[in-house]
Amino acid sequence: MIGKKIEKALNEQINRELYSAYLYLGMSAQSHALGLRGAGNWFYVQYQEETGHALKLYKYLLEQGAGVELASIDKPKATFTTLLAMFEATLKHERFITQSINDLMGLAVSEKDYATQIMLQWFVTEQVEEEANDTEFVTTLKMAGSSAGTLLMLDKQLGKRVFKAG
Ligand code: FEO
């Protein structure tokens, strides 16, 4: 069993993960609108991953016999004029998610909730990977500047990403 504070915080994290999914689905559509099909694929896979993150938390709450309370999901920002702007927004958002995972872990530690700490460990590791990927793309896109060739090469690379259930 888990305490009420943890239950509430995990429900809030489900909402943040679903918002993340929604944000990246919007970016996927924006990428296609810019003619960047590879980036459209990359953000679509990210949407699938974020949905998976929300489901991990959902399943954990059920396993623990805790309550699930789904809240409304905010409308994501949907207008980006460049891929660099999308990845900069992605990095900023993921830093916010990292902070919320850290806050959750802090709460689990103070509540002496060891099971939740172990479950959250996966998210801690995942956030390191997500921030590293986004930072790399921001750096590459900044270096590319207005080079259409580099942008198309990166788009091709982004098009190869395949969803793997984690
Ligand atoms: Fe589920 Fe991108 O954090």
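Whatever order the structure lists them in is the order used to number ligands and atoms, beginning at 1.
Backbone or side-chain N, O or S atoms of E17 do not reach atom 2 (Fe) of ligand 1 at under 2.8 Å.
E50 contributes atom OE2 as its closest N/O/S atom to atom 2 (Fe) of ligand 1. Atom 1 (Fe) of ligand 1 lies closest to atom ND1 when only the N/O/S atoms of H53 are considered. For E130, the N, O or S atom closest to atom 2 (Fe) of ligand 1 goes by the atom name OE1.
Ring-plane geometry between F137 and F87 is classed as tilted, the angle between the planes lying from 30 to 60 degrees on a 0 to 90 degree scale.
Annotation: Y60, atom OH; neighbour count of heavy atoms from other residues, nucleotides and ligands within 6.0 Å is above 12.
By the 4.0 Å N-to-carboxylate-O rule, E126 lies too far from K56 to be salt-bridged with it. With respect to K8 and E12, a salt bridge is recorded, a charged nitrogen being found less than 4.0 Å from a carboxylate O.
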